2 protein chains.
Amino acid sequence: MFSETPPSIKPSGAPSVAKRVSIKDIARLACVSHSTVSRALRESPLVNPDTAEKIRRIAADNGFRASAVARSLATSRTNTIGVVVTSIEDPFVAEVVSGIEDEAIAHDYSVFLANCHADPQREMKVVQSFEDRRVDGIVVTASRVGALYASVLEQMHIPIVLLNNQHPSQFAHSILIENFEASRAAVAHLIRLGHSRIAYIGDRFGYGSDSERFSGYRSALDEADIAFRPNYVLHGDGKAEAGRVAMEKLLAVRPAPTAVFCYNDMTALGARQAIRARGLGVPDDISLVGFDDLALACYMDPPLTTVRQPKHRMGQMAMQVLLKLIAGEDAEQNVRVAGELIVRESTAPPKENSECNYSSARKTRSRKSMVSSSSRS
Amino acid sequence: MFSETPPSIKPSGAPSVAKRVSIKDIARLACVSHSTVSRALRESPLVNPDTAEKIRRIAADNGFRASAVARSLATSRTNTIGVVVTSIEDPFVAEVVSGIEDEAIAHDYSVFLANCHADPQREMKVVQSFEDRRVDGIVVTASRVGALYASVLEQMHIPIVLLNNQHPSQFAHSILIENFEASRAAVAHLIRLGHSRIAYIGDRFGYGSDSERFSGYRSALDEADIAFRPNYVLHGDGKAEAGRVAMEKLLAVRPAPTAVFCYNDMTALGARQAIRARGLGVPDDISLVGFDDLALACYMDPPLTTVRQPKHRMGQMAMQVLLKLIAGEDAEQNVRVAGELIVRESTAPPKENSECNYSSARKTRSRKSMVSSSSRS
DNA sequence: AATTTGGTTGCACACGTGTTCAGTGAGACC
DNA sequence: GGTCTCACTGAACACGTGTGCAACCAAATT
């Protein structure tokens, strides 16, 4: 009508992307200032309801979506958080992240995810990038670094929440599972079943959660007046393969343990494989207890007795604490959540005759040579 | 010296956050304009090396980090991509995301992660939020929606890559596993072992990857002149529980199948449990094949024969295609990647005497009553 | 009728960075 | 010595949105 549209010349090769419509375009179409558009779209009471409605209609018709980037610059809030994890492939981590993300999206936050693969250098790098992107907060899950943060956290003007971090820091808030109580309960369960030769396969030596779980183990032993045997304690790395290797070593110790408490379910999964490879049964020859209650725990053979961590819930809690901190409210420095012992079928009373060796242990050349059949009634 | 610092009055309750230093602050300290600072920090050849060095030093000393938000607004590039997944708790998805993230970070991109829990409404919502945030590109992994995208994708000015999407779209690029060839190879493997009564537990009926894998299954059967039995085909939902339920039904079919090809490893995991609950053995009574080669596949009992998808690699490829598209280059519309049959111990020749019933099947009241011992040499 | 009030609106600036363009000064060349 | 060139720098604007403040108008009040 008013202006001729010049013949649009598309640059060859480039896709025909219509220029992104901005708030000013809408303002022009609605014959108002961009301020009014801004107010109308944000439901401000300062604009006439009729014009507001008209503006909203025009905006919708033109598929206008306000740029979160520009808004962030203006408001200095990004509605964005950063989550740094050791590895998203770790099922424990994945569930926690899921909880964080659910809670975040419910509050209109988006989450940046970054793996650091337990590499301190990369961990610092991603935290840097989060800071560059002006995230409103950061959650660090199961970091093996932690200590490094101390110096950074001081300078950081962003609230941080650590979840099951190996090295809790006084500069940050934390969500923590009650390692001590939970593992003591797990080991007490084994003792109640009649076990006294109980081994422990831990995480890497020196990590916070490992030493806490180890303390719970020791405490349960002490309480039952069971002598502690140093050679019943081995260290893995929280993954299945290391659990398998540790279990193999454990099977050579004499007198042989009749039960094994594992740092986590993945370790137990590896241990289970080593036990089976020796032709032994769970729980008939060895009782097995894990920690985490991963989804796969109840699909193991037999279903694994373990300590449940409310992983999804813990992720939500971390986000909730973070939201409080972002809002400037104060929150509890360390939230400790209780674990729950889930008794399944990998634990049973020890065999009467298993004095110091496994009765049914046989040297098997090939794992293929095993088959399940029933023998116990 | 020049100005007295007024006694700093911290607002009570608020943390003592030093005001964020901006490029102008650095400019003031270095006695240059902010333009020069900008150029110096971006290693522009337009600034004198000495002043550049001086500026960089001052910036570093003051812990200055340029705001990615402001930069994004100025350059209209965010160096950010969005990844939407059904559920990050799915191990397959987790590995893919890990690959995406690794490749992204290597190119200085950050990734937004969003679960949609297979809820179309939420899926649209997160894609919206990605658009609002002006991500440079989007990867959609294993979406069960897909079809809905058609209308959105048309309007979207953002490149999108779909990975193993159930409903490929002409509007987007895709990374796809060779479902047909891989499943045909898996079933052919069973046939080579001597099986002819082979069942299939699929994903939800109608999904793209399910029908492709089913086609491969049928093709292998046809090629070997094995009659197709409709009652050997059941549908789950790609998760363990559904696999268990489907397998239970399958165990009641007569003549009973001697081998089962599962849509994925999780389904196989559930099927394994159902088989064990009936007191049957794998592979002695039933051979089992999965798909995906999850990390847990080799820790199953017995280790699972399955089709490996290069999940991490596929994630990287998706990111690479996306980077090309972002750069304005064109990329192959559909990249198909080959699966690889990994033969482990869950497959073996069928028993000679298993004519139409399981010889060793026993009614077991409790799964606890099973123990492994070796019987076959 | 003059003044006040209250509801709407637009102007102008801010947010922090990138980038074009017009200088500015020093050295080189004629 | 004058001019040209080149290296470098700063002013000004752009990016798209939010917001304080002033202005405007109509209705209500004095």
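Chain letters run A, B, ... following the sequence lines, proteins first and then strands; every chain starts at 1. Worth saying up front: this structure is predicted, and the values here are computed from it rather than measured. In what follows, every heavy atom counts, from backbone to side chain, and hydrogens, waters and symmetry copies are set aside.
Under 4.0 angstrom from either OP1 or OP2 of C/dG16 there lies no side-chain N or O belonging to B/Ser67.
Look at CZ on B/Arg133: it is 18 Å from P on D/dG16, rounded to the nearest Å. In this structure, CG of A/Leu46 is placed 12 Å from C1' of D/dC21, rounded to the nearest angstrom. Rounded to whole Å, atom P of D/dT17 lies 10 Å from atom CZ of A/Arg20. Following rounding to the nearest Å, A/Lys24 (NZ) and D/dG18 (P) show an atom-to-atom distance of 13 Å. C/dT17 atom C1' lies 15 Å from atom CZ of B/Arg77, rounded to whole Å. Protein atom CG of B/Asp25 is 13 Å distant from nucleotide atom C1' of C/dC15, rounded to whole Å. Rounded to whole angstrom, the span from the CZ atom of B/Arg71 across to the P atom of D/dG16 amounts to 18 Å. Taking atom NE2 on B/His34 and atom C1' on C/dG18, their separation rounds to 8 Å, with Å as the unit.
Across all strands shown, B/Val69 has no heavy atoms under 4.0 Å from either base or sugar-phosphate atoms. The residue A/Val37 sits apart from the nucleic acid: no heavy atom pair falls under 4.0 Å. Backbone-only contact: A/Arg42 has heavy atoms under 4.0 Å from sugar-phosphate atoms and none from a base.
Inter-residue side-chain proximity for B/Lys311 and B/Asn164 is flagged as unmet; no heavy-atom pair is nearer than 4.5 Å. Between A/Asp136 and A/Arg77, the closest side-chain pair of non-hydrogen atoms falls below 4.5 Å. Between B/Arg56 and B/Leu41 there is a side-chain heavy-atom pair separated by less than 4.5 Å.
Closest approach to the A/Ala74 side chain among C/dC15, C/dT17, C/dG10 is made by C/dC15 (side chain taken as heavy atoms from C-beta onward). Taking only side-chain atoms of A/Ile23, from C-beta outward, the nucleotide of D/dT17, C/dG16, C/dT9 with the closest atom is D/dT17.
Interface remark: the A/Ser35 side chain does form a donor-acceptor pair with the C/dC11 base, using a distance-only criterion of under 3.5 Å. A donor N or O paired with an acceptor N or O is not found under 3.5 Å between the base of C/dG16 and the side-chain atoms of A/Arg134.
With the nearest nucleotide of DNA chain C identified for both A/Thr36 and B/Leu73, A/Thr36 has the one nearer the 5' end. The residue among B/Thr75 and B/Pro49 whose nearest nucleotide of DNA chain D is located toward the 5' end is B/Pro49.
Pairing each heavy atom of B/Ile55 with each of B/Thr36, the nearest pair is CD1-CG2, 3.8 Å. Across every non-hydrogen atom of A/Lys324 and A/Ala331, the tightest pair is CD-CB, 4.0 Å.
Side chain of B/Thr78 to main chain of B/Arg134: a donor-acceptor pair is present (N/O by atom type, distance under 3.5 Å, no hydrogens or angles).
Just one residue in the list A/Ser72, A/Ser110, A/Ser67 forms a side-chain hydrogen bond (donor to acceptor under 3.5 Å, both in side chains) with B/Arg133, and that residue is A/Ser110. Remark: of the listed residues A/Val161, A/Ile138, A/Ile160, A/Val161 is the sole one forming a side-chain contact (heavy atoms from CB on, under 4.5 Å) with A/Leu322.
Taking a 4.0 Å limit (strictly below) on heavy-atom distances, residues 50-64 of chain B reaches DNA chain C at B/Phe64.
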